[in-house]
Amino acid sequence: MSHFTDLAHQYIDGEWKPGSGSWDIIDFNPYTGEKLASITVATVDEVDRAYRTAERAQAAWAETNPYTRRLVFERALRIVEDREEEIAETIVAELGGTRLKAAFELHLAKEFLREAVQLALRPEGRILPSPVDGKENRVYRVPVGVVGVISPFNFPFLLSLKSVAPALALGNAVVLKPHQNTPICGGTLVAKVLEEAGLPAGLLNVVVTDIAEIGDALLTHPVPKVISFTGSDKVGRHVATVCAQHFKQAVLELGGNSALIVLDDADVDYAVDAAVFSRFVHQGQVCMAANRILVDRTLEAEFTEKFVAKVKTLRVGDPADPATHIGPLINSQQAESVSSLVDQTVAAGATALLHGTVDGNLVSPSVLTGLAADSPVLSQEIFGPVALIVPFDGEEEAVRIANDTPYGLSGAVHTGDVERGVRVAKRIRTGMIHINDGTVHDEPIVPFGGEKQSGVGRLNGDSMVDSFTTQKWISIQHGRSRFPF
């Protein structure tokens, strides 16, 4: 994997260089344990240089005709299409994504690049009336300046591009910090694609580093005006707090504990298919995953039997094998924590219809039922292949259980009556919810984000304009104002 070594650098001001820290981040393949690359960490000084570089480069970029800016993203799209196979292999190797998952991530990455092309032309000014004679009010949409992006390990290529490309298309510069488990897919690969697409030097800078080295420097630095963070609610709370103290906007896409609800008139076989995909795609390491599967008691026996039977057919193993459904978790801590969570829940009285085993970072699926209503596992996000089946009696109870969580990201309702599904969906406190479908969806122009501890703000489409531009009022007095003194 020679291209791993080529990309194992910091990318600041158009230059590929090692960091100046005193230690290295080691990038491992989570399935084989093979060392893919080592990257010397960026220090606080490099973070400062990245932000100062971005600030300098941004002024000219903001003045660049948006029709010219959009060409970069058209070329980036072609590069991703041309290198699709190579990028897919990188996703498989660096994060243990299956071939199916890599294809899914790349499909969405291309859709978001297509949308970035459109976004360059999206900001519109307005002229508003004034109560003062002779006065004209103009409202301009202008770039915020510099955006800091912090991306996660589960869909790193997509979720970095998803903030980076729109922020750049709208006339900003960006400093990107990928997750330390996915520095290539989430960081330097994105930089390489945009560099080859002709993005001027300095507009995108990538710092591969860790809080242990830089603390909060990425958040507290005076240059960035907006921080776009995707990750856990625990870290998100910290990001929000620090941003507020420094008068920065934070766009937060955080964890979830989504419910997939199967009402008594649902198509059981179809609901089973939707639930299995929504829980086990990418080993369950998805913020929108169906963490809880709520089933009307009249269907519980049939649903559970079919669900377990289908889960038993999922193949766990080498993510490079196209027949594999479930690859490794990102690292051994995740594998151990998911496994011990299952053991604790069973010890506390839950029934394991399937009890997963651990082999390296591979964790096979668990299906748990008979959970106590106050079981801690019901209110937390499980980033792994563990399904919880919870029966309910009627719609009211389904809504109550679905809402009984600190999260509100996604969800699904299965029913034979679409409008009934919509009525139930409206009562679930969540940012996104899908009728007769899975819980894992993302589309370029639909507002994406969560309620409660699942985040603040929205991404995609017009929400990108809201997140990455600001409004400026310029008034013109064509006549003469009268001043009282």
Side-chain angles (χ1 to χ4, degrees), residues 3 70 72-119 149 151-166 168-169 178-179 182 184-187 189-194 196-197 230 253 256 258 273-274 276-290 314 319-327 330 409-410 412 432 434 437-449 458-461 463-464:
H3 65 288
R70 65 190 291 195
V72 171
F73 306 99
E74 289 180 1
R75 288 191 293 262
L77 174 62
R78 286 201 292 275
I79 290 166
V80 172
E81 286 172 338
D82 291 346
R83 307 247 177 99
E84 198 151 348
E85 183 51 37
E86 186 190 326
I87 298 173
E89 284 172 10
T90 309
I91 289 171
V92 170
E94 188 176 48
L95 52 137
T98 60
R99 299 296 303 194
L100 175 85
K101 188 270 184 191
F104 182 60
E105 180 164 0
L106 277 163
H107 164 72
L108 279 173
K110 289 183 295 183
E111 289 293 349
F112 277 92
L113 280 169
R114 289 187 185 101
E115 172 62 8
V117 174
Q118 310 299 323
L119 268 173
V149 176
S151 64
F153 66 76
N154 58 345
F155 281 77
F157 187 66
L158 169 68
L159 295 179
S160 291
L161 262 180
K162 185 172 162 162
S163 285
V164 167
L168 290 167
H179 193 280
T182 51
I184 308 291
C185 289
L189 179 59
V190 173
K192 189 74 182 160
V193 167
L194 287 166
E196 288 187 23
T230 307
E253 298 293 340
S258 300
D273 289 348
V276 170
F277 177 80
S278 300
R279 177 60 275 193
F280 295 107
V281 64
H282 194 40
Q283 296 74 272
Q285 300 175 116
V286 183
C287 52
M288 295 171 276
L314 299 180
D321 179 345
T324 298
H325 298 101
I326 295 182
I330 191 70
L409 188 58
S410 187
M432 313 178 280
H434 309 283
D437 210 337
T439 58
V440 181
H441 294 284
D442 193 358
E443 295 178 13
I445 64 170
V446 181
F448 181 101
R458 295 289 184 270
L459 291 177
N460 303 4
S463 303
M464 296 297 199

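Numbers here are sequence positions counted from 1.
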Is the number of heavy atoms from other residues, nucleotides or ligands within 6.0 Å of CG (Leu314) greater than 12?
yes
How about Ser151 and Ser160: does a side-chain donor come under 3.5 Å of a side-chain acceptor?
yes
Worked check of ring-ring contact (aromatic ring centres under 6.0 Å, His included) between Phe104 and His282
CA-CA 10 Å; Phe104 182 60; His282 194 40; over 10 Å; no
Determine, stepwise, if the pair Phe157 / Glu94 fulfils side-chain contact (heavy atoms from CB on, under 4.5 Å).
CA-CA 11 Å; Phe157 187 66; Glu94 188 176 48; over 6 Å; no
Work out which heavy atom in Glu105 is nearest to a heavy atom in Leu95; give both atom names and the distance.
OE1-CD1, 4.4 Å
Closest non-hydrogen atoms of Gly284 and Ala289, given as atom of the first, atom of the second and distance, are O-CB, 4.3 Å
Would Leu189 and Ile184 count as a side-chain contact (heavy atoms from CB on, under 4.5 Å) if you check the C-alpha gap in whole Å, the side-chain angles of each, and the deciding distance to 0.1 Å?
CA-CA 5 Å; Leu189 179 59; Ile184 308 291; 4.3 Å; yes
Nearest 0.5 Å, please: how far is CZ in Arg78 from CD in Glu196?
13.0 Å
Heavy-atom pair with the smallest gap, counting every atom of Glu81 and Lys110:
CG-CD, 3.7 Å
Search all heavy atoms of Lys162 against all heavy atoms of Met464 and return the closest pair with its distance.
O-CE, 3.0 Å
Rounded to the nearest 0.5 Å, what separation is found between the CZ atom of Phe155 and the OG1 atom of Thr230?
12.5 Å
Would you say the side chain of Phe448 lies within less than 4.5 Å of the side chain of His441, judging by non-hydrogen atoms?
no
Any side-chain heavy-atom pair of Asn154 and His179 under 4.5 Å:
no
As an exercise, state the distance from CZ of Arg75 to CG of Leu113, rounded to the nearest 0.5 Å.
13.0 Å
Step by step, work out the side-chain contact (heavy atoms from CB on, under 4.5 Å) result for Phe73 and Glu115.
CA-CA 9 Å; Phe73 306 99; Glu115 172 62 8; over 6 Å; no
Verify side-chain contact (heavy atoms from CB on, under 4.5 Å) between Leu409 and Thr439, making sure each step is shown before the conclusion.
CA-CA 9 Å; Leu409 188 58; Thr439 58; over 6 Å; no
Roughly how far, to the nearest 0.5 Å, is CZ of Phe280 from CD of Gln285?
13.0 Å
Separation between OG1 of Thr98 and CD of Gln283, rounded to the nearest 0.5 Å
6.5 Å
Report the distance from atom CD of Glu74 to atom CZ of Arg114, rounding to the nearest 0.5 Å.
11.5 Å
Flag, side chain of Thr90 to backbone of Glu86, donor-acceptor distance under 3.5 Å:
yes
Would you name the heavy atoms of Ala109 and Leu161 that are closest together and state the gap between them?
CB-CD1, 4.1 Å
Salt bridge (Lys or Arg N to Asp or Glu O under 4.0 Å) between Glu85 and Arg99, worked out:
CA-CA 10 Å; Glu85 183 51 37; Arg99 299 296 303 194; 2.7 Å; yes
Asp437 side-chain N/O to Ala412 backbone N/O, donor-acceptor pair under 3.5 Å:
no
State, with a plain yes or no, whether a side-chain heavy atom of His3 is found less than 4.5 Å away from one of Arg83.
no
Which atom names give the shortest non-hydrogen contact between Val193 and Ile79, and what distance separates them?
O-CD1, 3.6 Å
Any side-chain heavy-atom pair from Pro447 and Ser463 closer than 4.5 angstrom?
yes
